[in-house]
Amino acid sequence: MSGTPAPFTAGDPAPFTAGDYGARMRRAAEAAVDAGLDGVLIAPGPDLVWLTGYRPVETERLTLLVLRAGQDPVLVVPTLEAPDAAAAAPMLTLRDWTDGKDPYEAAASLVGSEGRFGVSDNSWALHLLGLQRRLPDTRYVALTEALPMLRAVKDAAEVARLAEAGAAADAAYEEIRKVPFAGRREADVAADLAELLRHFGHSQVDFTIVASGPNGANPHHEAGERVIERGDMVVLDFGGLKHGYGSDTSRTVHVGEPDLEERRVHDVVRAAQEAGVAAVRPGAACQDVDRAARAVITEAGYGEFFIHRTGHGIGVTTHEPPYMIEGEELPLVPGMCFSVEPGIYLPGRFGVRIEDIVTVTEEGGWRLNTTSREMAIVD
């Protein structure tokens with residue numbers, strides 16, 4: 001891709017402090033008590049990063065953060081990784097174990113012989129089963145089920161990072177509209193998108209969906225060898241991490257002039273997305289956002305072609321609780337950040353999706369993506 005624009009020049013945000021991480025760990029331990037848990041067990045992954053700032057390599061060696069109300073947080077860690085853990089998370093007490101020893105013995109006295117614990121969703125079965133064998137009277141529940149709001153409500157510094165990631169994704173969209181589409185493979189345009197996300201400061205690109213023509217009817221189509229043609233509708237859905245926080249936006253463009261039905265479907269999705277965003281307010285249920293967007297599409301006669309939830313949370317991962325879906329009665333709270341992304345998918349023909357990240361404020365919903373939601377015409 002030629003003519004790459006200048007990158008953003010804003011400085012890096014101030015890092016989170018040991019005090020920030022300590023407050024998060026205390027909040028997690030207290031939330032566990034409120035949920036009827038005896039503690040929280042955190043494996044390497046996004047929960048550990050959010051709680052401590054420590055991002056170890058995930059291996060067969062046990063690393064486990066144990067949080068219990070009234071006790072200092074303790075990280076069980078392989079001895080060979082202890083120096084890195086101490087440097088990354090100096091606020092933690094470490095309990096290390098060496099190769100050849102039973103790592104679950106090191107964890108057992110911290111967990112206790114019985115009780116019910118929340119466990120991070122991405123915990124390895126190897127480690128959870130090992131702990132269960134060592135402590136047969138303990139029980140475990142996934143954090144998404146037990147503490148779905150743990151990471152859902154962001155503070156001002158987190159929202160600022162999400163806003164910056166959203167602005168970077170918006171900049172990538174403005175630039176991708178300038179590249180040729182017709183006559184190129186979906187994979188080529190997807191590569192351009194990934195390059196632009198990195199150019200505008202993303203350290204990690206999670207997905208670059210480029211779904212042209214009939215491929216647009218598959219919401220999670222992976223960009224492939226199909227050559228984009230004039231007359232195609234093209235769904236663009238892309239995002240990743242910048243400064244440790246996620247971006248995720250979708251726009252649907254058209255190669256050349258669209259026909260009347262393509263315009264109508266796009267207008268319906270745009271109206272549905274507006275309705276979903278308008279439904280965002282403190283105290284509303286997550287499902288109210290889904291209902292508002294879905295009602296517009298159903299009334300227009302396309303209800304059976306809206307085949308996914310309206311949205312998902314975003315933070316240190318691009319998909320996390322809360323979920324905007326029928327049956328989810330969790331109330332919206334200021335600081336919650338999530339996508340609003342209705343779509344219509346006509347099998348064998350085309351699809352349309354429009355997506356913004358929205359954060360809940362005291363007044364309603366604030367979009368973190370600001371690019372035009374009108375259908376863009378590309379070459």
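Remember, predicted model here, so these are calculated numbers, not experimental data.
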Chi angles and distances behind the side-chain contact (heavy atoms from CB on, under 4.5 Å) call for E105, R134: CA-CA 7 Å; E105 177 68 28; R134 184 65 180 76; 2.5 Å; yes
Per side-chain contact (heavy atoms from CB on, under 4.5 Å), I176 is matched among L197, L196, V253 by L196
| field | Hphob cluster co-occupancy, M25 + V153, side-chain heavy atoms under 4.5 angstrom | value | no
* Asked: Ignoring hydrogens and geometry, is there a side-chain-to-backbone donor-acceptor pair from D170 to A167 under 3.5 Å?
  -> no
- Side-chain H-bond candidate by donor/acceptor type, E114 with T138, under 3.5 Å: no
Nearest heavy-atom approach of A300 to R264 is O-NH2, 3.0 Å
Check: Q204 main-chain N/O paired with H202 side-chain donor or acceptor under 3.5 Å = no
Is any side-chain N of the basic residue among D290 and R309 closer than 4.0 Å to the acidic one's carboxylate O?
no
inquiry  = With a 6.0 Å cut-off (strictly less than), is the heavy-atom count around CZ of R185, excluding the residue itself, greater than 12?
reply    = yes
For this session: Would you confirm whether T17, through its side chain, and G19, through its main-chain N or O, come within 3.5 Å as a donor-acceptor pair?
Result: yes
Say whether, by atom type as modelled, one donor and one acceptor occur between the side chain of K242 and the main chain of F200 under 3.5 angstrom.
yes
Would you indicate whether the side-chain heavy atoms of L65 and T52 approach each other to under 4.5 Å?
yes
Please determine whether side-chain contact (heavy atoms from CB on, under 4.5 Å) holds for the pair I42 and L64, giving the CA-CA distance in whole Å, both sets of side-chain angles, and the decisive distance to 0.1 Å.
CA-CA 6 Å; I42 305 296; L64 190 71; 5.9 Å; no
CG of L110 to CG of D72, rounded to nearest 0.5 Å, is 11.0 Å
Exercise for the section: Flag the pair R184 and D192 as a salt bridge only when some basic side-chain nitrogen lies within less than 4.0 angstrom of an acidic carboxylate oxygen. Expected result: yes
Where the side chain of D237 meets the backbone of S250, is there a donor-acceptor pair that is under 3.5 Å apart?
no
Shortest non-hydrogen pair, P73 vs L67, comes out as CB-CD2, 3.4 Å
**OP:** Would you sort out whether T252 and R353 count as a side chain to side chain donor-acceptor pair (under 3.5 Å), showing the intermediate values?
**Re:** CA-CA 6 Å; T252 303; R353 182 165 61 258; over 6 Å; no
Discussion item. Hydrophobic cluster membership, with links at side-chain heavy-atom distances under 4.5 Å among I/L/V/M/F/W/Y: are F350 and F305 in one?
Written reply: yes
message: Regarding E341 and S339, do their side chains bring together a donor and an acceptor under 3.5 Å, going by distance alone?
response: yes
inquiry  = For a 4.5 angstrom cut-off between non-hydrogen side-chain atoms, does P46 reach D121?
reply    = no
message = For G231, is there any backbone N or O sitting under 3.5 Å from a side-chain donor or acceptor partner on H254?
response = yes
Next on the checklist: Could you tell me if R294 and Q287 have a donor-acceptor pair between their side chains, going purely by distance under 3.5 Å?
Outcome noted: no
For side-chain contact (heavy atoms from CB on, under 4.5 Å), just list the numbers for Y21 and L51, CA-CA rounded to whole Å, side-chain angles, deciding distance to a tenth of an Å, and then say yes or no.
CA-CA 5 Å; Y21 292 124; L51 286 163; 5.9 Å; no
Quiz prompt | 4.5 Å side-chain heavy-atom contact, F117 and V40 | solution = no
Between R68 and V111, the two heavy atoms sitting closest are NH1-O, 2.6 Å
Value for CH2 (W366) from SG (C337), rounded to nearest 0.5 Å, stands at 8.5 Å
In terms of heavy-atom contacts, P219 and I209 come closest through O-CD1, 3.7 Å
(message) Under 3.5 Å, is there a donor on one side chain and an acceptor on the other for H312 and D248?
(response) yes
Output for pair (L48 CG, Y54 OH), nearest 0.5 Å, gives 8.0 Å
SB check R226 D232 (cutoff 4.0 Å): yes
Per side-chain contact (heavy atoms from CB on, under 4.5 Å), V280 is matched among L332, T361, D288 by L332
Quiz item: Would you say the side chain of R270 lies within less than 4.5 Å of the side chain of M375, judging by non-hydrogen atoms?
Solution: no
In terms of heavy-atom contacts, A172 and F238 come closest through CB-CE1, 4.3 Å
Rounded to the nearest 0.5 Å, the CG atom of N369 sits from the OG1 atom of T249 at a distance of 4.0 Å
Item checked: From CA spacing to verdict: side-chain contact (heavy atoms from CB on, under 4.5 Å), E174, T371 -> CA-CA 8 Å; E174 295 291 5; T371 55; 3.6 Å; yes
What one should report as the nearest heavy-atom pair of A28 and L147 is O-CD1, 4.3 Å
Rounded to the nearest 0.5 Å, the OG1 atom of T318 sits from the OH atom of Y245 at a distance of 13.5 Å
Handout entry: Distance-only polar pair, side chains of R95 and S109, donor-acceptor under 3.5 Å
Key = yes
Determine yes or no for a side-chain-to-main-chain donor-acceptor pair under 3.5 angstrom, with T63 supplying the side chain and P44 the backbone.
-> no
key: Trace of the side chain to side chain donor-acceptor pair (under 3.5 Å) decision for W50 with E158   = CA-CA 10 Å; W50 183 77; E158 291 181 289; 2.8 Å; yes
**OP:** Is it possible for you to say whether L135 and V76 belong to one hydrophobic cluster, with membership spreading through side-chain heavy-atom contacts below 4.5 Å?
**Re:** yes
With the 4.5 Å side-chain cut-off for hydrophobic clustering, are F207 and V316 part of the same group?
no
- Counting N and O atoms only, with roles assigned by atom type, does the side chain of R281 sit under 3.5 Å from a partner on the main chain of A279, one being a donor and the other an acceptor? yes
Here the gap from N215 atom CG to N218 atom CG, rounded to the nearest 0.5 Å, amounts to 7.5 Å
- Message: Does R24 qualify as a cation-pi partner of F16, given the criterion of NZ or CZ under 6.0 Å from the six-membered ring centre and within 45 degrees of its axis?
- Response: yes
Exercise. Can we call the ring centroids of Y345 and H308 under 6.0 Å apart?
Worked result: yes
Any Lys/Arg nitrogen of R349 or E261 sitting under 4.0 Å from an Asp/Glu carboxylate oxygen of the other?
yes
Discussion item. H127 vs E60, test: side chain to side chain donor-acceptor pair (under 3.5 Å). Steps then yes/no.
Written reply: CA-CA 8 Å; H127 298 316; E60 75 285 355; over 6 Å; no
Show your working on salt bridge (charged side-chain N to carboxylate O under 4.0 Å, His left out) between E30 and R27 and close with a plain yes or no. CA-CA 5 Å; E30 291 164 2; R27 175 156 54 116; over 6 Å; no
### Query
Would you call D356 and R251 a salt bridge, using N to O less than 4.0 angstrom?
yes
Are R263 and E257 ion-paired here, with the side-chain N under 4.0 Å from a carboxylate O? yes
Do L193 and V210 come within less than 4.5 Å of each other through their side chains, counting heavy atoms only? yes
Exercise for review: State yes or no: do V358 and I354 share one hydrophobic cluster built from I, L, V, M, F, W and Y residues joined by side-chain heavy-atom distances below 4.5 Å, directly or via other members?
Suggested key: no
Carboxylate-amine/guanidinium proximity below 4.0 Å for R61 and E81:
no
- Does the distance from a Lys or Arg side-chain N to an Asp or Glu carboxylate O, for E195 and R198, drop under 4.0 Å? no
